[in-house]
Amino acid sequence: RSMLRKLFQTFRPKTPPPLPDPDAELALGALLVRVAKADRDYQLEEISLIDRILARLYQHDAIEAAKVRATCEKLHAAAPDTDTFGKLIRETTGLEERLAALDALWEVVLADGAQKEGELKIVEDARKAMGLSFADSQAARERVLQRL
């Protein structure tokens, strides 16, 4: 944990208020933002989808969810690699929460109907870092497709 904290500290500029130490929620939010921004095209639909996912998973109202997402955007920008976020989720959550995180990532990937190389790589890196199998990922993808 302290190694992670040091890592984040090195990414932080000195003047703005410090970013919170990422917990599983912020790590997942940062990954969702990363997937949404992978195609360089971060759209309102994706932003509101991320807000809805955070609200659903962590019982936020719309305003809280938007605040969390804004913090996640900063964490993504201060960007340790995807593995760091994935490992943090693995180390601080149970299997069920990690599977929900994988579902959420697929939800953002599949939202625009296209699966782009960059997005898939992020999901794949996150999946490995979270200690989940390829089969878990395929199952998550299927669940999301069924809901869409």
Side-chain angles (χ1 to χ4, degrees), residues 1 3-5 7-8 11-12 17-148:
R1 179 108 183 105
M3 187 194 86
L4 260 179
R5 187 168 292 143
L7 184 72
F8 275 94
F11 281 104
R12 289 182 189 153
L19 288 167
D21 280 314
D23 55 13
E25 176 183 1
L26 292 175
L28 175 59
L31 288 172
L32 296 173
V33 168
R34 182 158 295 177
V35 169
K37 288 187 168 200
D39 57 4
R40 306 264 185 281
D41 191 15
Y42 189 47
Q43 296 181 328
L44 193 59
E45 293 86 63
E46 292 171 309
I47 294 168
S48 55
L49 174 61
I50 292 170
D51 287 359
R52 287 199 306 278
I53 291 171
L54 292 171
R56 184 180 78 220
L57 291 178
Y58 302 101
Q59 287 77 56
H60 292 307
D61 65 31
I63 291 161
E64 286 169 344
K67 280 187 189 150
V68 170
R69 187 231 334 124
T71 301
C72 293
E73 289 169 353
K74 292 188 188 105
L75 280 171
H76 153 75
D81 47 8
T82 296
D83 298 359
T84 310
F85 291 128
K87 284 189 186 108
L88 194 146
I89 294 169
R90 183 178 74 211
E91 285 160 12
T92 57
T93 64
L95 180 62
E96 208 165 298
E97 238 184 294
R98 298 200 314 265
L99 290 169
L102 198 54
D103 272 31
L105 287 165
W106 275 113
E107 217 172 312
V108 174
V109 169
L110 297 167
D112 59 3
Q115 300 171 41
K116 309 205 180 56
E117 190 85 16
E119 298 172 337
L120 297 175
K121 183 179 178 342
I122 294 164
V123 173
E124 191 55 14
D125 290 348
R127 167 191 78 73
K128 287 183 196 142
M130 287 191 291
L132 298 170
S133 72
F134 186 70
D136 290 331
S137 189
Q138 293 308 98
R141 186 174 167 274
E142 287 310 306
R143 280 193 299 276
V144 171
L145 282 171
Q146 251 135 45
R147 285 205 304 266
L148 289 177

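Here, residue 1 is the first one in the sequence, and each next residue gets the next number.
The salt bridge (Lys or Arg N to Asp or Glu O under 4.0 Å) analysis of residues 122-132, with sequence neighbours excluded, yields the pairs K121-D125, E124-R127.
For T93 (side chain) and R90 (main-chain N/O), no donor-acceptor pair under 3.5 Å exists by modelled atom type. Under a 3.5 Å cut-off, the side chain of E64 and the backbone N or O of D61 do form a donor-acceptor pair. Formation of a donor-acceptor pair under 3.5 Å by the E97 side chain with backbone atoms of G94 is not found in this model.
I89 contributes atom CD1, which lies 5.0 Å from atom CG of L31 (distance to the nearest 0.5 angstrom). Distance check, rounded to the nearest 0.5 Å: CG of L28 to OH of Y58 gives 4.5 Å. Atoms CZ and CG, on R147 and L110 in that order, are 10.0 Å from each other to the nearest 0.5 Å.
Within a 6.0 Å radius of CD1 in I63, no more than 12 heavy atoms belonging to other residues, nucleotides or ligands are found. Counting heavy-atom neighbours within 6.0 Å of R40 CZ, excluding the residue itself, gives a total of 12 or less.
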Apply the test side chain to side chain contact (heavy atoms under 4.5 Å, CB included) to residues V144 and V109: give CA-CA distance (whole Å), side-chain angles for both, the deciding distance (0.1 Å), then the verdict.
CA-CA 10 Å; V144 171; V109 169; over 6 Å; no

Between L49 and R52, does the side chain to side chain contact (heavy atoms under 4.5 Å, CB included) criterion hold? Intermediate values first, please.
CA-CA 5 Å; L49 174 61; R52 287 199 306 278; 3.6 Å; yes

Which is it for V68 and D51 under the side chain to side chain contact (heavy atoms under 4.5 Å, CB included) test, yes or no, and what are the steps along the way?
CA-CA 8 Å; V68 170; D51 287 359; over 6 Å; no

Are D136 and M130 close enough, and set up right, to give a side chain to side chain contact (heavy atoms under 4.5 Å, CB included), and what steps lead you there?
CA-CA 11 Å; D136 290 331; M130 287 191 291; over 6 Å; no

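Scanning for side chain to side chain contact (heavy atoms under 4.5 Å, CB included) contacts around Q138 gives F134, with sequence neighbours left out. With sequence neighbours excluded, the residues that form a side chain to side chain contact (heavy atoms under 4.5 Å, CB included) with K37 are V33, Y42, H76. Take S137 and apply the side-chain hydrogen bond (donor to acceptor under 3.5 Å, both in side chains) test, not counting sequence neighbours, and it matches W106. Considering only residues two or more places apart in sequence or on other chains, A129 meets the side chain to side chain contact (heavy atoms under 4.5 Å, CB included) condition with D83, K87. A114 pairs by the side chain to side chain contact (heavy atoms under 4.5 Å, CB included) definition with D112, K116, not counting sequence neighbours.
Looking at heavy atoms from C-beta onward, D39 lies in side-chain contact with E46 at the 4.5 angstrom threshold. Annotation: side chain of L26 is in contact with side chain of T71 (closest heavy-atom distance under 4.5 Å).
Contact between L75 and F85 at its shortest, heavy atoms only, is O-CZ, 3.8 Å. Smallest separation of non-hydrogen atoms from T82 and A126: CG2-N, 3.7 Å. Minimum heavy-atom separation, R34 to D81: NH1-C, 3.5 Å. Closest approach of L54 and H60 over heavy atoms only: O-CD2, 3.6 Å. Across all their heavy atoms, A38 and G118 have their closest contact at CB-C, 4.0 Å.
Look at E107 and R56 and you find a salt bridge, because one of the NZ, NE, NH1 or NH2 atoms lies within 4.0 Å of a carboxylate O, short of that distance.
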